[in-house]
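Comments concern the structure below.
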Amino acid sequence: MNENVELEQKEVEVAGNKYIIQHPGYEWYLSLIDKNCPPNAVVPKQLPMMKAYLKHVVVKPRDLKINDFQSKKDELGGMPALRKLSLKCERFLSGRE
């Protein structure tokens, strides 16, 4: 992350839960894309992308893990909510939202 850049934040809601997401910076995002989008691939590698979003982009609540969406399915919304949160992170990071 670039310490010289003010990090943009946004509140999003997924399955009735509120999350604060933060943009770690363009360089971080572009590096993540380079590492996880194989040449000629239409879809990036989902597991490392989701892990990175939960670790570096979702700042509240902290320390969310992919398995939390399974073990707390009723509270967090399960796989559909995880995918929707991931999509909101992607749109925010890419400037499409």
Side-chain angles (χ1 to χ4, degrees):
M1 292 192 315
N2 186 344
E3 299 85 30
N4 299 325
V5 176
E6 186 176 329
L7 302 178
E8 180 183 357
Q9 292 188 342
K10 178 179 182 176
E11 182 177 85
V12 296
E13 188 171 330
V14 176
N17 296 295
K18 293 185 179 183
Y19 301 91
I20 302 292
I21 57 177
Q22 177 173 281
H23 201 304
Y26 292 171
E27 189 172 333
W28 179 89
Y29 175 64
L30 293 171
S31 176
L32 181 70
I33 296 296
D34 285 350
K35 289 180 201 169
N36 294 295
C37 289
N40 302 319
V42 176
V43 177
K45 297 176 184 176
Q46 292 185 32
L47 180 61
M49 296 288 283
M50 285 185 183
K51 284 183 174 182
Y53 291 162
L54 293 176
K55 183 174 182 179
H56 300 286
V57 179
V58 178
V59 295
K60 187 175 181 183
R62 296 289 301 156
D63 301 320
L64 272 178
K65 306 283 186 250
I66 290 172
N67 287 338
D68 293 338
F69 286 83
Q70 185 171 6
S71 64
K72 301 174 186 175
K73 185 176 172 181
D74 292 337
E75 178 186 339
L76 296 178
M79 181 59 83
L82 176 61
R83 293 184 59 82
K84 188 170 185 178
L85 180 58
S86 176
L87 179 60
K88 286 185 178 276
C89 288
E90 172 60 29
R91 293 182 128 182
F92 174 70
L93 293 171
S94 66
R96 290 181 282 152
E97 187 172 284

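What you see below is based on every heavy atom in this structure, not just the backbone, and it leaves out hydrogens, waters and symmetry mates.
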Identify the two heavy atoms, one from [X] and one from [Y], that lie closest to each other, and give their separation to 0.1 Å.
X	Y	value
Gln22	Val59	CB-CG1, 3.7 Å
Phe92	Glu8	CZ-O, 3.5 Å
Met49	Pro44	CG-CB, 4.1 Å
Pro24	His56	CG-O, 3.6 Å
Gly77	Ala15	CA-CB, 4.3 Å
Leu93	His23	O-NE2, 3.0 Å

Judged by atom type as modelled, is there a donor-acceptor pair below 3.5 Å linking the side chain of [X] to the main-chain atoms of [Y]?
X	Y	value
Asp68	Leu64	no
Ser31	Glu27	no
Asn36	Pro48	no

Checklist line | Verify same cluster id: Ile20, Tyr53 (apolar side-chain graph, 4.5 Å) | finding: no
Next item on the list: Identify whether Leu54 and Met79 are in the same connected component of the hydrophobic contact network (ILVMFWY, side-chain heavy atoms under 4.5 Å).
Entry: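 Same cluster.
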Notebook entry, point to check: Got a sec, which pairs hit ring-ring contact (aromatic ring centres under 6.0 Å, His included) with one end in residues 61-84, sequence neighbours left out?
Noted result: none
Check: What residue among Leu87, Leu76, Leu85 forms side chain to side chain contact (heavy atoms under 4.5 Å, CB included) with Val14?
Finding: Leu85
Margin query: If you count heavy atoms of other groups shown closer than 6.0 angstrom to CD of Glu13, is the number above 12?
Written below: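 Yes, CD of Glu13 has more than 12 neighbouring heavy atoms, counting only those of other groups under 6.0 Å.
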Next item on the list: Can you measure from CD (Gln46) to CG (Leu82) and round to the nearest 0.5 angstrom?
Entry: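 Reported to 0.5 Å precision, the distance equals 9.0 Å.
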Notebook entry, point to check: Given the rule in the side chain to side chain contact (heavy atoms under 4.5 Å, CB included) test, do Arg83 and Met50 qualify, once you have shown the distances and angles that lead to the verdict?
Noted result: CA-CA 8 Å; Arg83 293 184 59 82; Met50 285 185 183; 4.0 Å; yes
Margin query: With a 4.5 Å cut-off on side-chain heavy atoms, are Lys51 and Ile66 touching?
Written below: yes
Item checked: Side-chain heavy-atom pair Tyr29, Val57 within 4.5 angstrom cut-off ->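 The answer is no; the side chains never approach within 4.5 Å.
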Next item on the list: Answer yes when Arg96 and Glu90 have at least one side-chain N-carboxylate O distance shorter than 4.0 Å, and no when they do not.
Entry: yes
